[in-house]
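First comes the structure, then the notes that go with it.
By convention here, the first residue in the shown sequence is residue 1. In each ligand, atom 1 is the first atom listed, and ligand 1 is the first ligand listed. Since this is a predicted model, take the numbers as computed values, not measurements.
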Amino acid sequence: MTKTAPPVEKNQTIELTFEDITHEGAGVGKIGGYPLFVPYGLPGETAEVKVIKVKKNFGFGRLIEVKEESEDRVKPPCNVYYKCGGCQLQHMSYEMQLEMKRNQVQSALKKIAHIENIPIHPTIGMDDPWRYRNKVQIPVGSKNGELITGFYRKRSHEIIDDMARCIITDEVNDRMVEAVREIANRLGIPHYDEKNNRGILRHIMVRSGQETKQTMVVLVTRKEKVNGLDTLIKEITETNPHVKSVVQNINPERTNVILGNKTKVLWGEEYIYDQIGDIKFAISAKSFYQVNPPQTKKLYDQALEYANLSGNETVIDAYCGIGTISLFLAKKAKKVYGVEIVPEAVSDAKENAKLNHIDNAEFFVGQAEKVMPWWRAQGLQPDVIVVDPPRKGCDEALLEAMLEMKPKRIVYVSCNPSTLARDLRILEDGGYETKEAQPVDMFPQTTHVETVAEIVLKV
Ligand code: SAH
């Protein structure tokens, strides 16, 4: 059998019309059936493209010039968008972003789970899809002897030196990074030098409560002793009354991991507080906390609606993290059991339950796939199970345990449509039916999509 050679060659410049878009946001165009993936190309557009990689069944191209623009093409408002890579969709109208995310869920359910003909609602977006992130952690470097802060260029460890701000970051945090950098610069605190594992200031991390307007500043340094630290703290806190906590994290290792093991409160409180709906959360430097609380509220309200609680139910929240969903559920259920693998997250969950005077939620450390069968052996009979697994989806043992426990309802919160679809197939084969799904945009301008699905036991 003779193989047909790809119809394009590397470095060739071609004209291409995009028909589709991948879930990484690249335009897909075909030359005689051979697909080429081109970052920043939008469906409906015709563009001049340089072929940069040719594989047997597909290739990659670089967008040189758009000849016919889509109505959904917008000028990215960020001046470093094409260098940074933190956002992938700023060249696309927000309406199209939302539609693309819904399509992604729809196509995964169809292709992977063979689930069609169920309502997949339009993605719930934000009224203002900018400046939503409540946490920023940014590397520190230098240029011409002055400290600079900026994200790394795509696929590199080189700091973008003309990044003045990040427009998906809460403005308060953006300004705080700038203030800390300026003071540190004036005090002559050296930045960390990755190549030689020398210098001091590695990252500036800032998180703020969007409801409470409290701010925590975390200085990640290579060594504990930093000349000028007292003056730095004094200047930060005197001029920024919203700062409630200044923390030092010491990371002496040569590593990409941002935070080291040792954390020290330098000034003020160990925690800042924030609120999602009417639930309060205490947030320390190292705790996990959702980065977009208003959208989290929308996602979890939908999860709660799908859980359909009347107040008498026993509920399991698997992969419960710091208990965000569990605490929402607890207000409407008889009892909630949360399970989570990270011990620190479980202690945060317990603390957060106390903080909110919730006494019908219990939290356990362990692998959900091991703890669930054990609960079952103990005779625990949940009416509803909620799962919110990481990108790789649910463990098979956990899916089996759910099928054996036979809850009337399962609510699946997912950050990856492909693994959601894979797991829904298993649940459907085990006697469940997916009723509907709701995508929610937690991370505007990026390709991430969160989905919540309603699953019920077939009678
Ligand atoms: N709903 C949570 C976040 C869930 S993110 C909240 O808002 O806090 C997914 C969580 O699953 C993470 O906290 C991760 O630590 C946890 N996890 C990953 N693998 C796990 C496993 N095998 N068993 C239990 N938890 C796990």
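Side-chain atoms of L327 and K331, non-hydrogen and from C-beta on, never get closer than 4.5 Å to each other. Put simply, the side chain of L42 reaches to within 4.5 Å of the side chain of M92, judged on heavy atoms. Looking at Y300 and Q290, their side chains come closer than 4.5 Å, going by heavy atoms from C-beta outward.
Ligand 1 lies less than 4.0 angstrom from a heavy atom belonging to G366. F364 does not count as a contact of ligand 1, since none of its heavy atoms falls under 4.0 Å from the ligand. Residue contacts with ligand 1 leave out A345, since none of its heavy atoms falls under 4.0 Å from the ligand. Proximity of V342 to ligand 1 is established by a heavy-atom distance of less than 4.0 Å.
Under the 3.5 Å distance criterion, with hydrogens and angles disregarded, a donor-acceptor pair is assigned to the side chains of D193 and N196.
The existence of a salt bridge linking R409 and D383 is excluded, since no basic side-chain nitrogen approaches an acidic carboxylate oxygen closer than 4.0 Å. R376 and E404 are joined by a salt bridge, as a carboxylate oxygen and a charged side-chain nitrogen come within less than 4.0 angstrom of each other. A salt bridge does not link R207 to D274: none of the charged nitrogens lies less than 4.0 Å from a carboxylate oxygen.
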Report task. Evaluate salt bridge (charged side-chain N to carboxylate O under 4.0 Å, His left out) for R102 paired with E99, printing each intermediate quantity in order. Result -> CA-CA 5 Å; R102 176 175 181 263; E99 196 183 302; over 6 Å; no
Report task. Verify salt bridge (charged side-chain N to carboxylate O under 4.0 Å, His left out) between D174 and R131, making sure each step is shown before the conclusion. Result -> CA-CA 9 Å; D174 233 4; R131 295 233 169 260; 3.0 Å; yes
Report task. With side chain to side chain contact (heavy atoms under 4.5 Å, CB included) as the test, would you mind laying out the steps for M126 and D128 before giving the verdict? Result -> CA-CA 5 Å; M126 297 187 81; D128 177 13; 5.8 Å; no
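The part of C320 lying near ligand 1 is the backbone, judged by heavy-atom distances below 4.0 Å.
Ranking protein heavy atoms by distance to atom 6 (C) of ligand 1, first place goes to T324 OG1, 3.2 Å. Closest to atom 25 (N) of ligand 1 among all protein heavy atoms lies I341 N, 3.2 Å. Annotation: atom 22 (N) of ligand 1 to nearest protein heavy atom, E369 OE1, 3.0 Å. Given atom 13 (O) of ligand 1, the protein heavy atom at minimum distance is E340 OE1, 2.8 Å. Of all protein heavy atoms, the one lying nearest to atom 18 (C) of ligand 1 is P390 CG, 3.6 Å. At the shortest separation from atom 11 (O) of ligand 1 among protein heavy atoms lies Y319 CB, 3.4 Å. Closest to atom 23 (N) of ligand 1 among all protein heavy atoms lies A368 N, 2.8 Å.
At least one N or O atom of D388, backbone or side chain, sits closer than 3.5 Å to an N or O atom of ligand 1. Of the N or O atoms in F288, none lie within a sub-3.5 Å distance of an N or O in ligand 1.
When each atom of ligand 1 is checked for a heavy atom of Q367 under 4.0 Å away, the hits are 23 (N). Within ligand 1, the atoms closer than 4.0 Å to a non-hydrogen atom of I322 are 8 (O), numbered from 1 in the order shown.
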